[in-house]
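Treat the numbers as computed from the prediction; the structure is a model and nothing was measured. Computed over heavy atoms, backbone and side chain alike; hydrogens, waters and symmetry mates excluded. Throughout, protein chains are lettered first and strands after them, A, B, ... in sequence-line order, and every chain is numbered starting at 1.
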Amino acid sequence: MLDINLIRDDPDRIRDAMRLRNEEPAIVDLILKLDVERRKLLTESEKQKAKRNAVSKEISQMKDAAARQSKIDAMRAVGDAITGLDEQLRQVDEQLHKNLSSLPNIPDPSVPIGAGEQDNQVVKTVGKKSEYNFTPKPHWELGPELGLINFDQGTKLSGTRFYVLSGAGARLQRAIISWMLDLHIRQGYTEKYLPFMLRSDILYAAGQLPKFIDNLYHDAEEDFWFVPTAEVPLTGLHSDEILEEASLPIKYTAYTPCWRREKMSAGKDVRGIKRGHQFDKVEMYKYCLPDNSTAEHEALLKDAEDTAAGLGLTYRVVAQCTGDLSFASQRTFDIEVWAPGCGEWLEVSSVSNVGDFQARRANIRYRPADGSKPRFVHTLNGSGLALPRIMIAIIENYQEQDGSVKVPDVLKPWMGGIEVIRREP
RNA sequence: GGAGGGAUGGCCGAGUGGACUAUGGCGCCUGUCUUGAAAACAGGUGUGGGAUCUCCCACCGGGGGUUCGAAUCCCUCUCCCUCCGCCA
């Protein structure tokens with residue numbers, strides 16, 4: 001959510017930001033109108049309340065019964081006026097809040113201008129695409145052949161877009177999760193184990209509701225929402241809190257499964273394990289001082305890059321353009337790893353600086369060390385990294401001509417002596 | 001699932017319709033005293049919003065109601081605690 005003061009003070013800046021994101025700028029004028037109306041009603045209501053408070057005090061001290069009763073009768077009208085004003089105020093407030101919370105974040109000036117995905121900019125590419133003297137297989141062939149991935153069993157249990165990992169495949173994923181968490185701990189993050197089902201107010205605080213309701217799984221009986229990304233509970237951890245400046249930055253990492261309906265993406269990426277209703281992810285998250293968020297963002301990107309590099313993968317960093325930026329973000333870098341079997345760059349991480357956008361909505365502030373008024377923190381999030389796509393990249397990159405897959409060195413401590421995954425005889 | 005008890009400022013805790021503009025204590029900040037510190041004493045110490053900016057309004061777990069007036073009475077929801085049952 002944006003600060004209403006920003007809109008009051010410099011509406012043109014917000015209109016420009018809307019245009020850059022392919023959004024309608026007219027909403028800014030509606031918000032300004034509602035804001036004026038709200039303050040008018042508020043001032044009037046408070047004036048009446050001040051009167052009520054003063055006269056009520058007088059009534060409590062009056063001895064003469066008749067005079068007292070006539071005051072009480074007169075105050076009844078004031079009470080009714082307040083009720084009426086507050087009802088109007090509530091409606092205007094609701095409209096204002098609805099419109100205000102539908103505004104996306106303002107892109108950082110450094111974000112490349114563009115209409116959509118095609119205008120994103122490749123910032124750098126690290127490593128080279130491996131060369132093979134055979135045709136590398138996609139994971140949806142290699143996985144089943146090696147007994148690592150079973151699509152039929154996933155369908156049997158849960159339907160389309162589900163799969164079962166088996167034997168060395170299940171173990172490989174667990175090894176990657178463990179290695180990533182340990183790496184992030186070394187990078188200074190505190191590991192969190194979180195609930196995977198959440199209350200609706202936590203989803204609102206993180207900005208998932210109401211906008212992304214169609215992508216979420218929900219248990220109606222208990223009103224639980226299944227976590228779509230660890231970013232949601234990690235934001236909720238400190239909602240409605242005032243943190244001490246000295247405690248910042250706070251850096252968390254967490255492994256969670258993630259559940260998404262993927263209604264919007266029906267028919268897209270249907271082969272293999274690239275896009276499912278359930279996937280695993282290790283996430284990194286930071287709360288920091290406003291002045292430090294740009295530097296913390298670059299550090300977060302570096303931490304995510306080190307994860308891809310540590311697994312020996314070829315990757316590139318892509319700067320999202322204004323038209324592709326997600327709703328809450330002011331600046332985002334994607335990390336994409338090369339998968340030679342399916343022949344595409346796979347997005348395994350999105351590293352975003354959302355500024356105070358999420359903190360304002362979740363009401364997360366810090367008290368400056370000088371004791372002055374609380375201010376909103378800045379929050380940042382980045383995957384480190386998304387598991388199924390890392391599994392794809394490892395299986396496809398580490399494949400040998402004989403159909404086996406080598407285990408990356410860093411994962412060997414968790415693989416119980418398995419150095420090469422071979423077809424079962 | 002059943003029965004009961006609770007939720008008040010950073011913390012503890014008093015307050016059952018008007019003196020609450022929330023008592024008191026602890027903690028914290030400032031000052032006096034001191035070579036310095038402690039102690040003692042004095043003052044201060046929540047959040048948000050609005051304004052005509054020395055002022056006003058709201059907030060006692062959330063929401064709603066009764067009343068001229070609600071921390072206090074009523075309804076409802078959430079969470080916590082104790083006991084019983086069930087359970088990995």
Distance between P atoms of B:G15 and B:G61 (Å, rounded): 15 Å
Atom C1', compared across B:C60 and B:U8: separation rounded to whole Å: 4 Å
Residues A:E145, A:K137: salt bridge by 4.0 Å N-O rule: yes
Criterion side-chain contact (heavy atoms from CB on, under 4.5 Å) on A:D214 and A:R261, from CA distance to verdict: CA-CA 7 Å; A:D214 288 344; A:R261 278 194 200 276; 5.9 Å; no
Check: residues 171-182 of chain A side-chain donor-acceptor pairs under 3.5 Å, at least two apart:
residue, atom, partner, partner atom, Å
A:R171, NE, A:W414, O, 3.2
A:S178, OG, A:R174, O, 3.1

Stepwise salt bridge (charged side-chain N to carboxylate O under 4.0 Å, His left out) test for A:E283 and A:K281: CA-CA 6 Å; A:E283 183 80 1; A:K281 184 155 64 67; 2.7 Å; yes
Identify each donor-acceptor pair in which a side-chain atom of residues 75-95 of chain A lies under 3.5 Å from a protein atom, sequence neighbours left out, and give them as a table.
residue, atom, partner, partner atom, Å
A:T83, OG1, A:G79, O, 3.0
A:D86, OD1, A:S45, OG, 2.8
A:D86, OD2, A:K49, NZ, 3.3
A:E87, OE1, A:R90, NE, 3.3
A:E87, OE2, A:R90, NH2, 3.1
A:E87, OE2, A:Q91, NE2, 2.9
A:R90, NH1, A:E94, OE1, 3.0

Cationic N near anionic O, under 4.0 Å, A:E262 to A:R260: no
Atom pair distance, as rounded to whole Å: CD1 in A:I202 and P in B:U78: 16 Å
B:A7 to B:A14 separation - C1' atoms, rounded to the nearest Å: 15 Å
Residues A:D223, A:R199: salt bridge by 4.0 Å N-O rule: no
Charged N-O contact under 4.0 Å between A:K71 and A:E58: yes
Footprint string (nucleotides 63-72 of chain B, 5' to 3'): B base within contact, S backbone only, - free, heavy atoms under 4.0 Å: -----BS---
Under-3.5 Å donor-acceptor pair between A:K57 side chain and B:U21 base: yes
Within residues 11-20 of chain A or reaching into it, pairs that qualify as salt bridge (charged side-chain N to carboxylate O under 4.0 Å, His left out) - sequence neighbours excluded: A:D12-A:R15, A:R15-A:D29, A:D16-A:R19
d(CG, A:N53; P, B:U21) in whole Å: 8 Å
Short side-chain donor-acceptor distance under 3.5 Å, A:H378 and A:Y287: no
Pairing pattern in dot-bracket form [Watson-Crick, G-U; both distances under 3.5 Å; | = partner strand] for RNA chain B: ((((((((.[[[..)..(.....]]]((((((.......))))))(((((....))))).[[[[[..)....]]]]])))))))....
Between B:G50 (P) and A:L85 (CG): distance, integer Å: 17 Å
Separation of the P atoms in B:U66 and B:C75, to the nearest angstrom: 15 Å
Nucleic acid footprint by protein, nucleotides 44-49 of chain B - heavy-atom cut-off 4.0 Å, B for base, S for sugar-phosphate alone: --SSSB
Rounded P spacing from B:A22 to B:C59 in Å: 12 Å
A:E241, CD atom: more than 12 neighbouring heavy atoms under 6.0 Å: yes
Under 4.0 angstrom between A:R199 side-chain N/O and B:U78 OP1 or OP2: no
Between B:A19 (C1') and A:E58 (CD): distance, integer Å: 16 Å
Protein-nucleotide distance (A:L89, atom CG; B:C57, atom C1'), rounded to Å: 11 Å
Gap between atoms CD and P, on A:Q48 and B:A51 respectively (whole Å): 17 Å
P atoms of B:C86 and B:G18, separation to the nearest Å: 49 Å
N-glycosidic conformation, B:C53 - syn within 90 degrees of 0, else anti: syn
Value in whole Å for how far the C1' atom of B:C56 lies from CD1 of A:I82: 13 Å
Spacing of the P atoms in B:A39 and B:C29 (rounded, Å): 12 Å
P gap between B:G25 and B:A40, integer Å: 13 Å
Heavy-atom neighbours of A:K412 NZ exceed 12 at 6.0 Å: yes
A:K40 NZ to B:A51 P, straight-line distance once rounded to whole Å: 14 Å
Residue pair A:Y163 / A:T155, side-chain donor-acceptor N/O under 3.5 Å: no
Nearest-nucleotide comparison on RNA chain B, the residue closer to the 5′ end among A:S60 and A:E222: A:E222
